[in-house]
Trainee: 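Before I ask anything, here is the structure I am working with.
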Amino acid sequence: MAQSLSPASRRVVEAISIIPERSKQVRIGPSEIGDICQRCLAERLVESYNGKPRDPQALSIASWLGTSAHAAIEKLGIEDAFQELKVTVGEIEGIGPITGSVYFYDRISNQIVDFKFSNKKKISNLSRAFTIRENNEVLFDNSSRVVGVLQKYYTQQMLYGKGIIDTYDYPVDSVSLLLIPRDASIETFENGITELRFAFDKSVADAMLARASEILAWSLDHPDELDDLESDPQCYYCNMERGKQWL
C-alpha cells in the first residue's frame with residue numbers, strides 16, 4: 001500500500017503520478033466529442049465554452065501505462081510515416097478550433113493508426129461490438145456493454161482523419177485501432193494485439209461536430225436544464241459518480 005512505501009519509492013511514485021498537462025486542457029478534444037452520453041458531453045462543452053478546465057482526476061495506473069507506451073511509440077522513427085501530427089479537426093461555434101494529435105499516419109497506405117490499452121476481456125468485447133457491411137458501413141451492436149467506448153474511439157479516429165486532410169492535405173483511406181492488452185502475460189506482439197480497421201468516413205466527423213454544436217447551443221439556451229438531458233444507460237460516469245450523488 002502507498003502509505004508503507006519507503007521514502008525513495010515514494011519519490012518515484014510521486015514523480016510518475018503527476019497529472020499530465022493534456023489532462024488539464026480547457027478546450028474539448030477529439031477524444032471527447034464522440035461521447036454518446038448527451039449529458040456528459042453537454043457539461044464538457046459548457047466547460048469549454050466558459051474556459052473552465054475539466055476536473056482532472058488522480059492519474060490511474062492504467063492511464064500512466066498508456067501515456068508511457070505512447071511516449072515510447074513516439075520515438076520509433078518509422079520511415080514514410082508521421083508521428084504526433086498536430087491537427088485541427090474542425091470548429092465549434094463559441095468554443096473555437098478543436099485540435100488534437102494523431103499518433104501515427106502511414107504515408108504509404110494513407111492510414112491512421114492509434115493505440116488503445118485495455119484488458120483482454122474488454123478487447124474481446126470491443127472486437128465483437130460491430131460488424132462491417134460490404135459497402136464499408138459500420139453497424140454497432142447497441143446491446144454490447146462496450147459499444148459506447150467503441151463509438152467514442154471510432155469517432156475520434158474519423159475526426160483525426162478529417163484533421164489530417166484539413167491541416168496537411170494528406171489523403172486518408174482508413175483508420176486502425178491497435179488494441180494492446182495490459183494484462184498480457186505470455187502473449188507476443190504477433191498474437192496479442194487486435195486490430196480494428198475501418199474505412200475513413202468524413203461524414204461521421206462532420207456529423208459529430210454538428211451534433212456537438214447543437215448540444216452546446218441548446219445547453220447555453222437552457223443552462224438550468226442540463227439535468228434534463230438523457231444520460232446514456234451505459235455511461236460509466238453517470239452510473240457510478242452521479243449514482244453516488246443520488247444516494
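On a predicted model such as this, the values are computed, not experimentally measured, just so you know.
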Trainee: For the OH atom on Y49, are there more than 12 heavy atoms of other groups (residues, nucleotides or ligands in this structure) within a distance under 6.0 Å?
Mentor: no

Trainee: Taking atom types as modelled and ignoring hydrogens, do the side chains of S124 and S127 form a donor-acceptor contact shorter than 3.5 angstrom?
Mentor: no

Trainee: Side chains of N110 and R107: is there a donor and an acceptor less than 3.5 Å apart?
Mentor: no

Trainee: Could you tell me whether the side chains of Y160 and Q156 share a donor-acceptor contact shorter than 3.5 Å?
Mentor: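 Indeed, the side chains of Y160 and Q156 share at least one donor-acceptor pair under 3.5 Å.
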
Trainee: Measure from the side-chain N and O atoms of N191 to the backbone N and O of E187, and report whether any donor-acceptor pair falls under 3.5 Å.
Mentor: no

Trainee: Start with the C-alpha distance between V172 and I112, add both sets of side-chain angles, then the distance that settles side-chain contact (heavy atoms from CB on, under 4.5 Å), and finish with yes or no.
Mentor: CA-CA 7 Å; V172 178; I112 291 173; 4.3 Å; yes

Trainee: Could you state the interatomic distance from CZ (R211) to CD1 (I215), rounded to the nearest 0.5 Å?
Mentor: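 Interatomic distance, R211 CZ to I215 CD1, rounded to 0.5 Å: 4.0 Å.
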
Trainee: Which heavy atom of V46 sits nearest a heavy atom of S219, and at what distance?
Mentor: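 Of all heavy-atom pairs spanning V46 and S219, the closest is CG2-CB, 3.7 Å.
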
Trainee: Using a 4.5 Å cut-off on heavy atoms from C-beta on, say whether the side chain of D232 contacts that of Q38.
Mentor: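 Answer no - side chains too far apart.
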
Trainee: Inspect the contact between D227 and R39 and indicate whether a charged nitrogen and a carboxylate oxygen are less than 4.0 angstrom apart.
Mentor: yes

Trainee: Using the ring of each side chain (for Trp, its six-membered ring), is F198 parallel, tilted or perpendicular to F130, with breaks at 30° and 60°?
Mentor: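 Geometry flag for F130 against F198: tilted rings.
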
Trainee: Quick one: do E32 and K152 make a salt bridge, cutoff under 4.0 Å?
Mentor: no

Trainee: For the residue pair L196 and L150, establish whether any side-chain heavy-atom pair is separated by less than 4.5 Å.
Mentor: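 They are in side-chain contact.
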
Trainee: Same cluster or not: V113 versus F189, using hydrophobic residues (I, L, V, M, F, W, Y) connected whenever any side-chain heavy atoms lie under 4.5 Å apart?
Mentor: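 Looking at the clustering, F189 is in the same group as V113.
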
Trainee: What is the minimum heavy-atom distance between P181 and G192, and which atoms define it?
Mentor: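 Closest approach of P181 to G192: CD-O, 3.1 Å.
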
Trainee: Which distance, rounded to the nearest 0.5 Å, do you find between the CD of E137 and the OG1 of T131?
Mentor: 8.5 Å

Trainee: So I92 and I33, side-chain contact (heavy atoms from CB on, under 4.5 Å) or not? Walk me through it.
Mentor: CA-CA 11 Å; I92 296 176; I33 289 176; 4.3 Å; yes

Trainee: Heavy-atom count around E93 CD within 6.0 Å, excluding the residue itself: above 12?
Mentor: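 For E93, atom CD is not crowded (no more than 12 foreign heavy atoms under 6.0 Å).
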
Trainee: More than 12 heavy atoms of other residues, nucleotides or ligands under 6.0 Å from NZ of K116: yes or no?
Mentor: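 More than 12 within 6.0 Å, yes.
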
Trainee: Quick one: pull up CG in L216 and CG in L220 and give me the separation to the nearest 0.5 Å.
Mentor: 4.5 Å

Trainee: Enter the distance from I95:CD1 to R44:CZ here, rounded to the nearest 0.5 Å.
Mentor: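 The CD1 atom of I95 sits 8.5 Å away from the CZ atom of R44.
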
Trainee: Of all heavy-atom pairs between S231 and C37, which one has the smallest distance, and what is that distance?
Mentor: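 So the minimum-distance heavy-atom pair works out to CA-SG, 3.7 Å.
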
Trainee: Under the criterion side-chain contact (heavy atoms from CB on, under 4.5 Å), I'd like the reasoning laid out for E91 against I98: C-alpha separation, chi angles, the key distance, then a yes or no.
Mentor: CA-CA 6 Å; E91 187 165 334; I98 307 302; 5.9 Å; no

Trainee: Please determine whether residues I36 and W218 belong to a single hydrophobic cluster, defined as Ile, Leu, Val, Met, Phe, Trp and Tyr linked transitively by side-chain heavy-atom distances below 4.5 Å.
Mentor: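 Different clusters.
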
Trainee: Any side-chain heavy-atom pair from V147 and Q151 closer than 4.5 angstrom?
Mentor: yes

Trainee: Measure the CZ-NZ distance between F117 and K122 for me, rounded to the nearest 0.5 Å.
Mentor: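 Result: 14.0 Å between the selected atoms.
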
Trainee: Any heavy-atom pair between the side chains of I132 and R197 that's under 4.5 Å?
Mentor: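 Counting from C-beta outward, R197 and I132 never come under 4.5 Å.
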
Trainee: Let me confirm one number: the CD1-CD1 distance from I123 to I193, rounded to the nearest 0.5 Å.
Mentor: 9.0 Å

Trainee: Taking all non-hydrogen atoms of both residues, which atom of L45 and which atom of A212 are closest, and how far apart?
Mentor: CD1-O, 3.4 Å

Trainee: Only pairs under 3.5 Å count here: list side-chain donor-acceptor contacts from residues 164-171, not counting sequence neighbours, and write none if there are none.
Mentor:
| residue | atom | partner | partner atom | Å |
| --- | --- | --- | --- | --- |
| D166 | OD2 | K162 | NZ | 2.7 |
| T167 | OG1 | T88 | N | 3.0 |
| T167 | OG1 | T88 | O | 3.4 |
| T167 | OG1 | G163 | O | 2.8 |
| Y168 | OH | K86 | O | 2.6 |

Trainee: Could you give me the CA-CA distance, side-chain angles and deciding distance for L178 and D114, then say whether side-chain contact (heavy atoms from CB on, under 4.5 Å) is met?
Mentor: CA-CA 6 Å; L178 288 186; D114 196 7; over 6 Å; no

Trainee: Could you tell me whether the side chains of S109 and D106 share a donor-acceptor contact shorter than 3.5 Å?
Mentor: yes

Trainee: A side-chain contact here means heavy atoms from C-beta on lying under 4.5 Å apart; do L159 and T155 qualify?
Mentor: yes

Trainee: Determine yes or no for a side-chain-to-main-chain donor-acceptor pair under 3.5 angstrom, with Q234 supplying the side chain and S144 the backbone.
Mentor: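 Yes; judged by distance alone, with no hydrogens or angles, the pair exists.
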
Trainee: Identify whether the distance between the nearest side-chain nitrogen and carboxylate oxygen of E14 and R11 falls below 4.0 Å.
Mentor: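 The answer is no: the pair does not qualify as a salt bridge.
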
Trainee: Return yes if some donor-acceptor pair links the side-chain N/O of D173 with the main-chain N/O of F200 below 3.5 Å, else return no.
Mentor: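 No: the side chain of D173 does not pair with the backbone of F200.
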
Trainee: Taking the side chain as every heavy atom from C-beta outward, state whether Q83 and V102 have any pair of such atoms under 4.5 Å apart.
Mentor: no

Trainee: Assess whether atom CD of E195 is packed by more than 12 heavy atoms of other residues, nucleotides or ligands within 6.0 Å.
Mentor: yes

Trainee: Are side-chain N/O atoms of S48 and R27 paired as donor and acceptor at under 3.5 Å?
Mentor: no

Trainee: Identify the heavy atoms of P30 and V89 that sit nearest to each other, and give their distance.
Mentor: CG-CG1, 4.0 Å

Trainee: Do L139 and M158 belong together in a cluster built from hydrophobic side chains that touch within less than 4.5 Å?
Mentor: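 No, L139 and M158 fall in different hydrophobic clusters.
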
